[in-house]
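Written out below as structure tokens is the structure these notes cover.
Every number for a ligand or one of its atoms is a count from 1 in the order of the listing.
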Amino acid sequence: MIKYIGSKRTLVARIVELADAVRANAGTGSGAGGAWTACDLFCGTTRVSQGLKAAGFVVTANDLATYSEVFATTYIEADAKRVRKKALAEKLAALNALPGYDGYFTKTFCEESRFFQPFNGRRMDAIRDAIDDVADGRIERAILLTSLMEAADRVDSTTGLQMAYLKAWAPRSHNALELRMPALIAGRGRAVRSDANVLAAEMDEVDIAYLDPPYNQHSYHSNYHIWETLVRHDAPPAYGVARKREDCRTIKSPFNSKVKAWEAFSSLVRTVPAKHLIVSFSDEGFFSYDEIVSLLADVRGDVAAVPVSHKRYVGAQIGIYNPKGEKVGKVGHLTNSEFLFVAGAGAGRVLQGMKVA
Ligand SMILES: C[S@@+](CC[C@H](N)C(=O)[O-])C[C@H]1O[C@@H](n2cnc3c(N)ncnc32)[C@H](O)[C@@H]1O
């Protein structure tokens, strides 16, 4: 899985444990045949959705980003039992063997900037051009694109954000790009690309909604503009040192605005048709602990909080640099205070018997 700021990679087990405890407390689910349903409204890399699907939930994975929809189609919508793996493996081998050539990707991200070494960029150009022709349908296309993004991520020269690249080539960038088969999961699910508030207003009721919105002003569309461009394959005009897509100037999420975020979040909590909510919270964001607790208590009644913490994003651990590689800022504290909230009938009971701090 790709490097992604705010990814809940280290918390997936805790979140799934909470969802499991909610399920154990509440009997049959609202899906077909009593199955438990979950919606991950800001799914990003889909790591949490993957954990929930592996635990038997029928998952809807949603995000605004086009690359995220591709991950969701691969890991959530595709059922590992139904995918033609032999045909896919042959396609991946054929794509891996394609000779590279200069195209938009090499020019923009390897010459005008230095996110990838040109010898890898040329292969990315050739592979991306070929994917839409060789893919047999939407799910196969998503799996091949996921494989390409994950391969590119393994040989990039960044600290995990695409706002800047390293001054000296990262050691991994010298490795040859290699497409691998994504680790597909058996089960049912659905990929959606929508604004979370729009989806919440029109979706069917689910048993659990997981909310992990952006918590500061940094836009994911800008932070991961290269994945967006690789998936859309639209060769947009690019600007600045990081050669960002032109639409990074205009595409904004309300969750990245200090003025709009609370209205968007509180409206989502009120609207989303879910029996239970699990909400990720960091004290480095726009909202305070008290604001979230009182909103959840007001709208959902019962609320419980589970403290969790992990080390901050690697860029913060090695220092803050500008695109020229000059140190421009000091690193603050290296652990932050994070919580998972569970809200809905019986939330307090859910925590009984769990090993939580
Ligand atoms: C903190 S990240 C989620 C990380 C995810 N839980 C994971 O483990 O990878 C927030 C996500 O919200 C998405 N996003 C931002 N605004 C959104 C909106 N209005 N509706 C839906 N998704 C949005 C971003 O694209 C980003 O992937």
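Looking only at heavy atoms of the protein, atom 19 (N) of ligand 1 is closest to Asp195 OD2, 3.1 Å. From the protein, the heavy atom lying nearest to atom 10 (C) of ligand 1 is Asp212 O, 3.4 Å. Counting protein heavy atoms only, atom 8 (O) of ligand 1 is closest to Lys8 N, 2.8 Å. Looking only at protein heavy atoms, the nearest one to atom 11 (C) of ligand 1 is Asp63 OD2, 3.5 Å. Ranking the protein heavy atoms by distance from atom 3 (C) of ligand 1 puts Phe42 O, 3.2 Å first.
Residues Phe287 and Phe255 place their aromatic rings such that the two centres sit no closer than 6.0 Å.
Listed by number with element, the atoms of ligand 1 under 4.0 Å from a non-hydrogen atom of Gly6 are 1 (C), 4 (C). Taking every heavy atom of Ser194 and a limit of under 4.0 angstrom, the matching atoms of ligand 1 come to 20 (N), 21 (C). Which parts of ligand 1 touch Ala196 is read off a 4.0 Å heavy-atom cut-off, strictly below it: atoms 18 (C), 20 (N), 21 (C).
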Query raised in the report: ring-ring contact (aromatic ring centres under 6.0 Å, His included) between Tyr4 and Tyr220: does it pass, once the steps are laid out?
Result: CA-CA 9 Å; Tyr4 204 63; Tyr220 278 83; 5.2 Å; yes
Query - Check against side chain to side chain donor-acceptor pair (under 3.5 Å), Thr46 and Gln50 - result: CA-CA 6 Å; Thr46 72; Gln50 290 180 41; 3.0 Å; yes
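Between Lys91 and Asp136 there is no salt bridge, since no side-chain nitrogen of the basic residue lies less than 4.0 Å from a carboxylate oxygen of the acidic one. Under 4.0 Å is where a charged nitrogen must lie from a carboxylate oxygen, and between Lys107 and Asp125 no such pair does.
At least one heavy atom of Leu41 sits less than 4.0 Å from an atom of ligand 1.
Residue contacts with ligand 1, taken as heavy atom pairs separated by less than 4.0 Å, involve Cys43 solely via the backbone atoms N, CA, C and O. At a heavy-atom distance under 4.0 Å, no atom of Tyr215 approaches ligand 1.
Distances from atom 7 (C) of ligand 1 to the heavy atoms of Thr46, Val198, Thr45 show the closest one on Thr45. Ranked by closest heavy atom to atom 1 (C) of ligand 1, the top entry among Tyr220, Tyr224, Phe255 is Tyr220. The heavy atom nearest to atom 16 (N) of ligand 1, out of those in Ser49, Ser253, Pro214, is found in Ser253.
The cationic atom of Arg128 (NZ for Lys, CZ for Arg) does not lie both less than 6.0 Å from the six-membered ring centre of Phe105 and within 45° of the ring axis.
For ligand 1, none of its N or O atoms has an N or O atom of Tyr67 under 3.5 Å away.
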